[in-house]
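Naming convention: chains lettered A, B, ... in sequence-line order (proteins, then strands); numbering from 1 in each chain. Source: prediction; values computed, not measured.
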Amino acid sequence: MPRAHLLEGATVARLDRRGKRLAIVAEDGRALVVQLGMSGSLYMATGRRGPHLHAEWSVDGRDDRLWFEDPRRFGGLTAYGSAQAMLDAWDRELGPDGLQVDGARLSKGLRGIRSVKAALLDQRVVAGVGNIYADESLHLAGISPRTRCRRITGGRAESLAKAIRTVLARAIGFGGSTIRDYRSAQDRKGSAQVIHAVYGRGGLPCLECGAPLRSAALAGRTTVWCARCQGR
DNA sequence: GGCAGCCTGGTT
DNA sequence: AACCAGGCTGCC
């Protein structure tokens, strides 16, 4: 990516975010979107912390630098000539942010998708929910990941939307889930993994009812749920 | 829709 | 050596 697209010489006007995408918007209108993927990290530090460095920025008046590392290279940077172009892309490619999704918006997104687990992983339905928080949200809402989307209407859609908002907000409150790689921009590990009710707990007892949690591949991802609390 | 494939690295 | 992983695209 040319240096100009990396915002060289820019003055940062603001940051923006929807779901898992973060945008650095410059005063001249350029915008750079960062997607971390599974192993990416973006942080301020005086030196890199790993070998898989893809971009670095120096900031006037600061000794530390901004670093983008991504060992697995599932993440990426996308440059936009204007913030409006970026927002248009977000509107096309992303649903409502998970922290703000409501039942009506969720119901709309569910149309045409078969299983609710697949729907929650689709960023056009809700932006910001991945495999961990999909399973956690479904457990909190008491909905089986195998439920057909067409059966989730009205009150169930409301409670699922509320569960998504709650799960994401709680995880953020705990600094995110550090299974292995995740670190904050301040290079700290999160601790939300200690409050996961189902993710990573296949075969262990459900914290609500004690039944052993089921684990199976759904929508191509390991999925864990309680067949008693959430139904088969 | 489902799913292989993209990568590296950690675990079994 | 084989398998698994927090995501996403594109191919069927």
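For C:dA5, one of the phosphate oxygens OP1 or OP2 lies less than 4.0 angstrom from a side-chain nitrogen or oxygen of A:T222. Using a 4.0 Å cut-off, no side-chain N or O of A:H52 falls inside it from OP1 or OP2 of B:dC7. Within the structure, every side-chain polar atom (N or O) of A:Q123 is placed at least 4.0 Å from both OP1 and OP2 of C:dG7.
Both thresholds, 5.5 Å between centres and 30° between ring planes, are met by A:F74 relative to the base of B:dC6, so the two rings are stacked.
To the nearest angstrom, P of C:dC8 lies 18 Å from CZ of A:R73. If you measure from atom CZ of A:R21 to atom P of C:dT9, you get 7 Å, rounded to the nearest angstrom.
Within the nucleic acid shown, A:I132 comes within 4.0 Å of sugar-phosphate atoms alone, with no base atom in reach, counting heavy atoms only. Residue A:G37 is classed as a sugar-phosphate contact, given heavy-atom separations below 4.0 Å to backbone atoms only. Using a 4.0 Å heavy-atom cutoff across all strands shown, A:R114 reaches sugar-phosphate atoms only and no base atom. Across all strands, A:D181 comes closer than 4.0 Å to base atoms (heavy-atom distances).
Distance CG/A:D70 to NE2/A:H52: 9.5 Å, rounded to 0.5 Å.
Of all nucleotides present, only C:dC8 satisfies the Watson-Crick or G-U wobble test against B:dG5, with each distance under 3.5 Å.
If you check the side chains of A:D63 and A:T46, you find no donor sitting under 3.5 Å from an acceptor.
Checking side-chain atoms of A:E69 against main-chain N and O of A:G50 turns up a donor-acceptor pair under 3.5 Å.
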